[in-house]
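Written out below as structure tokens is the structure these notes cover.
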2 protein chains.
Amino acid sequence: MSIIFSKGCEYGLQAVLYISTLEEGRRILIKEVAEKLQIPVHFLAKILQQLSQKGILKSYKGSKGGFVLGRPPKEIRLIDIVNALDGMSIFTECILGFPGCSTEHPCPVHDKWGKIRTEAYEMLADETIADVKEKSISKIASLGMDS
Amino acid sequence: MSIIFSKGCEYGLQAVLYISTLEEGRRILIKEVAEKLQIPVHFLAKILQQLSQKGILKSYKGSKGGFVLGRPPKEIRLIDIVNALDGMSIFTECILGFPGCSTEHPCPVHDKWGKIRTEAYEMLADETIADVKEKSISKIASLGMDS
DNA sequence: TTGATACAGGATAATGGAGTCTGTTATCGA
DNA sequence: TCGATAACAGACTCCATTATCCTGTATCAA
């Protein structure tokens, strides 16, 4: 079971972070990304497609084709990727699942959860893939290793 | 899509909070809880069953049967309910879905997410259903209303 | 122009969580 | 003791997410 994000969104985040570690302009194949990150190729293909449509990635068909970032790393925030794939409902829905949870009819943990949720949002909105590039590189590097 | 908790866990939290608002010792039927909270009866039955097995609720069979809290409200923390139904994996797994995310091989947001996750844990571990009783009462009261 | 490459995208299949159904067991009251 | 009630237990169905397959289309190079 995945927490918070859908599997597709997790894969999307991983993929974009991976692509951000490559030399600028290098076109990478879906197949390569899938292998590196251990993601089902066809599933990943759809996710990268969605990210292309939203401008987060840019795709090229044909031989010498592949994917590159759609805009400079400094302009791709983690929240952009989440928004493209899962939408923003995580940041609006009640954590207890109560219907109509709002300031007028708050659930028992409305305020406390709201605070935490805001922090989570701000984290995702502050961090660009440029900011975490070094961390991405070392995490990706650790993937092949037998842990 | 439910965030963080499974649907069953959301229902369980709602149900226990609801039961905590009733007069002490009052045995309530699954059917009544399900109606009040708009939860499928049979599904709720299973969830309350699990909570009985963990001692969070206490059940009585037969006519005049029903459910009551398994121990004093002050001794039932929200985290107990979550743990009984969803387990603790939310607090250990990587938010980006990276395998082997740890202090040695942290994902790009390991530290920042860890901080938020700890806050969420502490909130659920601090709050007992006694603490939020008043809030539960007013939230439950708002449920019938056309919002 | 042709063949190979690689993304696009619709259609289909598998999986797991969510929800349903049926029969059993325990308790109460007559 | 018997019938009614209500939780218990587990098998079953349903559906959304996840994953796969296959054909189409764009691009490049020879």
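In what follows, chains carry the letters A, B, and so on, assigned in the order in which the sequence lines appear, proteins first and then strands, with residues in each chain numbered from 1. Owing to the predicted nature of the structure, the values given are computational and were not obtained by experimental measurement. Heavy atoms only: backbone and side chains are in, while hydrogens, waters and symmetry mates are out.
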What's the closest nucleotide to the side chain of [X] if the choices are [options]?
| X | options | result |
| --- | --- | --- |
| A:K61 | C:dA8, D:dA7, D:dC21 | C:dA8 |
| A:F67 | D:dA9, D:dT5, C:dA8 | C:dA8 |
| B:Q49 | C:dG9, C:dT20, D:dC8 | D:dC8 |
| A:H42 | C:dA18, D:dT27, D:dT20 | D:dT20 |
| B:Q53 | D:dC28, D:dT18, D:dA9 | D:dA9 |
| B:L29 | D:dC28, C:dA6, D:dA6 | D:dA6 |

Provide, to the nearest angstrom, the distance between the [atom1] atom belonging to [X] and the [atom2] atom belonging to [N].
| X | N | atom1 | atom2 | result |
| --- | --- | --- | --- | --- |
| A:Q14 | D:dT18 | CD | P | 13 Å |
| B:K46 | D:dC8 | NZ | P | 14 Å |
| B:K58 | C:dA26 | NZ | P | 14 Å |
| B:D86 | C:dG16 | CG | P | 16 Å |
| A:L51 | C:dG9 | CG | P | 14 Å |
| A:I30 | C:dG9 | CD1 | P | 12 Å |
| B:K64 | D:dA4 | NZ | C1' | 12 Å |
| B:F43 | D:dT13 | CZ | P | 18 Å |

Pick base, sugar-phosphate or nothing for [X], based on heavy-atom distances below 4.0 Å to the nucleic acid.
| X | value |
| --- | --- |
| B:L48 | nothing |
| B:E32 | nothing |
| B:K31 | nothing |

Side-chain donor/acceptor of [X] to backbone N/O of [Y], under 3.5 Å:
| X | Y | result |
| --- | --- | --- |
| A:E75 | A:P72 | no |
| A:D86 | A:S6 | yes |
| B:Q14 | A:G97 | yes |

Item to check | Presence of salt bridge, B:K135 and A:D111, under 4.0 angstrom | outcome: no
Checklist entry - Is the phosphate of D:dA6, meaning OP1 or OP2, less than 4.0 Å from a side-chain N or O of B:S59? => result no
Next on the checklist: Just N and O in the side chain of B:S52: are any of them under 4.0 Å from OP1 or OP2 of D:dA7?
Outcome noted: no
Checklist entry - Can you name the nearest heavy-atom pair linking B:K54 to B:A84, along with the distance? => result CG-CB, 3.7 Å
Checklist entry - Want to settle it: does A:Y60 or A:Y11 sit nearer the 5' end of DNA chain D, counting the closest nucleotide to each? => result A:Y11
Item to check | B:L48 reachable from B:I28 in the ILVMFWY side-chain graph, under 4.5 Å edges | outcome: yes
Checklist entry - So, does the side chain of A:K7 form a donor-acceptor pair with the base of C:dG16 at under 3.5 Å? => result no
